[in-house]
There are 2 protein chains.
Amino acid sequence: MNIKEASEKTGVSSAAIRYYEKESLIPEIDRTEVGNRDIDDRIIRRITFVTQMRAVGMSIDSLRRYIQLFDAQEDNTKEQKAILQEQLAVMEEKRDDLQSAIDHLNYKLNHFYDHMETTEEELRELERQHAEKKANQ
Amino acid sequence: MNIKEASEKTGVSSAAIRYYEKESLIPEIDRTEVGNRDIDDRIIRRITFVTQMRAVGMSIDSLRRYIQLFDAQEDNTKEQKAILQEQLAVMEEKRDDLQSAIDHLNYKLNHFYDHMETTEEELRELERQHAEKKANQ
DNA sequence: ATAGACCTTAATGTGTACTTGAAGGCAAGC
DNA sequence: GCTTGCCTTCAAGTACACATTAAGGTCTAT
């Protein structure tokens, strides 16, 4: 498939696909006789993977390093493991932060019907909940 | 407390605190007689809140709009609720994406101990198929 | 009273992640 | 043969979120 179809399939712009290839976030793409990119499902999956990781906040740079390890033939397992673990920790923290922000919004939403409590009060309530949660761990 | 102490307390640079104030992500900060910012715990909490939301990927612009609703005195409850709900949905999706990325990494990590037969193998299989296909052309 | 450490505003610079523009090639349809 | 519509590379432009610099003020200690 050509780059436009790939773009439509992935939701990533043609320019961004070229950019990802240039930045080695995806493998080098095969070309047709006239030099046009010929994109297959393997590339599509790679693009999707990049999109997913970008969506959860991984930078192009981290992602490139990660992918290089991922694709590496040499057995540098120990280093790979360390990097994955590091990345995992970052993402777990992010998830937890996100969850408390969600809790915050849910609280706000649930109290809309009752009355408009002040921000101070809400923040105090959230802090109380947070302390409680933390104490329960 | 002055801006430097606030910066140390929150981990947000002085320049960023000034920027947040200018962009209305935090309330206007009181000044001392000579015009220096005098930051109290309420502001610290607001800065921390901004940091948390930024960390989970909310843009300055979305955050400003959210905070304006949050702080609003006027009762436009219905619209506020709709917007908060929308925001909530976005964040929940993000949390789920993050979770599946975490699962992915965890899976990978757990299989490092055994041998290298995780997602890599799947990708290599795809690559093998790809090479085969190419050879057949 | 001069240095050093803090503060102020306003303007400009920086890194990231693309997007857009320029200049041109190839193939199909009118 | 000219337009349309896809493609190419390379360079330059853009948006966001600050960081940095300039030019100056205030406070404290030596």
Side-chain angles (χ1 to χ4, degrees), chain A residues 1-40 43-44 46-68 87 90 94 97 101, chain B residues 1-40 43-44 46-68 87 90 94 97 101:
Chain A
M1 95 190 64
N2 67 20
I3 200 167
K4 204 195 179 199
E5 289 170 300
S7 168
E8 281 157 9
K9 208 165 181 177
T10 58
V12 175
S13 75
S14 299
I17 293 175
R18 293 193 192 98
Y19 173 72
Y20 288 163
E21 186 188 12
K22 203 172 165 192
E23 295 297 319
S24 305
L25 300 186
I26 56 177
E28 269 190 57
I29 302 171
D30 288 341
R31 304 306 180 105
T32 64
E33 283 178 12
V34 295
N36 292 2
R37 286 173 183 79
D38 185 17
I39 297 173
D40 59 22
I43 300 293
I44 293 289
R46 291 303 206 101
I47 294 169
T48 303
F49 176 68
V50 169
T51 309
Q52 282 168 356
M53 297 305 261
R54 296 276 310 117
V56 299
M58 205 185 294
S59 72
I60 296 291
D61 208 61
S62 306
L63 198 44
R64 179 177 31 236
R65 272 176 287 159
Y66 171 69
I67 286 169
Q68 272 165 10
Q87 184 61 42
V90 169
K94 216 164 202 171
D97 287 352
Chain B
M1 96 190 64
N2 67 21
I3 200 167
K4 205 195 179 201
E5 290 170 298
S7 168
E8 281 158 6
K9 208 164 182 178
T10 58
V12 176
S13 76
S14 300
I17 293 175
R18 293 194 192 97
Y19 173 72
Y20 288 164
E21 187 188 11
K22 205 172 165 189
E23 295 296 320
S24 306
L25 300 185
I26 56 177
E28 270 190 58
I29 302 172
D30 289 342
R31 302 309 179 103
T32 65
E33 285 178 12
V34 296
N36 291 3
R37 285 172 183 80
D38 185 17
I39 298 173
D40 59 21
I43 301 292
I44 293 289
R46 291 304 206 97
I47 294 168
T48 303
F49 175 69
V50 169
T51 309
Q52 284 168 355
M53 299 302 263
R54 295 279 310 118
V56 300
M58 205 184 293
S59 72
I60 295 291
D61 209 59
S62 306
L63 198 43
R64 181 179 26 237
R65 272 176 287 162
Y66 168 69
I67 285 168
Q68 272 165 9
Q87 185 61 43
V90 170
K94 211 162 204 169
D97 287 353

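We name chains A, B, ... by the order of the sequence lines, and we start the count at 1 in each one.
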Spell out, as yes or no, whether a donor-acceptor pair under 3.5 Å connects the side chain of T48(A) to the backbone of I44(A). yes
Heavy-atom distance under 4.5 Å between the side chains of I26(A) and I17(A), does that happen here? yes
Distance from D30(A) atom CG to D40(A) atom CG, nearest 0.5 Å? 6.5 Å
R46(B) side chain to P27(B) main-chain N or O, any donor-acceptor pair under 3.5 Å? no
Using atom CZ of R54(A) as one end and atom C1' of dC16(D) as the other, report the distance to the nearest whole Å. 13 Å
In this structure, CZ of R37(B) is separated from CD of E28(B) (nearest 0.5 Å) by 10.0 Å
Could you check how far CG of D30(A) sits from P of dC7(D), rounded to whole Å? 16 Å
Supply the atom-to-atom distance S13(B) OG to Y20(B) OH, rounded to the nearest 0.5 angstrom. 8.0 Å
Taken to the nearest whole Å, CG/L25(A) to P/dA17(C) is 9 Å
When the distance from CZ of R37(B) to C1' of dT8(C) is rounded to whole Å, what number comes out? 8 Å
Pull out every residue in residues 11-22 of chain A that has a heavy atom closer than 4.0 Å to any atom of DNA chain C, ordered by number, or say none. S13(A), A15(A), A16(A), Y19(A), Y20(A)
So, R64(B) and D61(B), do they make that salt bridge, N to O below 4.0 Å? yes
Within this structure, what is the CD1-to-P distance between I60(A) and dT19(C), rounded to whole angstrom? 11 Å
Closest heavy-atom pair and its distance - D38(A), I29(A): O-CG2, 3.7 Å
Please produce a list of atom pairs where a protein N or O lies less than 3.5 Å from an N or O of nucleotides 2-6 of chain D.
residue	atom	partner	partner atom	Å
dC6(D)	OP1	K4(A)	NZ	3.0

Does the E5(A) side chain pair with the main chain of N2(A), one donor and one acceptor, at a distance under 3.5 Å? yes
For atom CD of E33(A) and atom C1' of dG25(C), their distance in whole Å: 15 Å
Quick one: label T32(A) by what it contacts on the DNA or RNA (base, sugar-phosphate, nothing), any heavy atom closer than 4.0 Å. nothing
Tell me whether the OP1 or OP2 atom of dT9(C) has a side-chain N or O from R31(B) closer than 4.0 Å. yes
Spacing between M58(A) atom CE and dC18(C) atom P, to the nearest angstrom: 14 Å
Rounding to an integer number of Å, can you tell me how far D38(B) CG sits from dT8(C) P? 11 Å
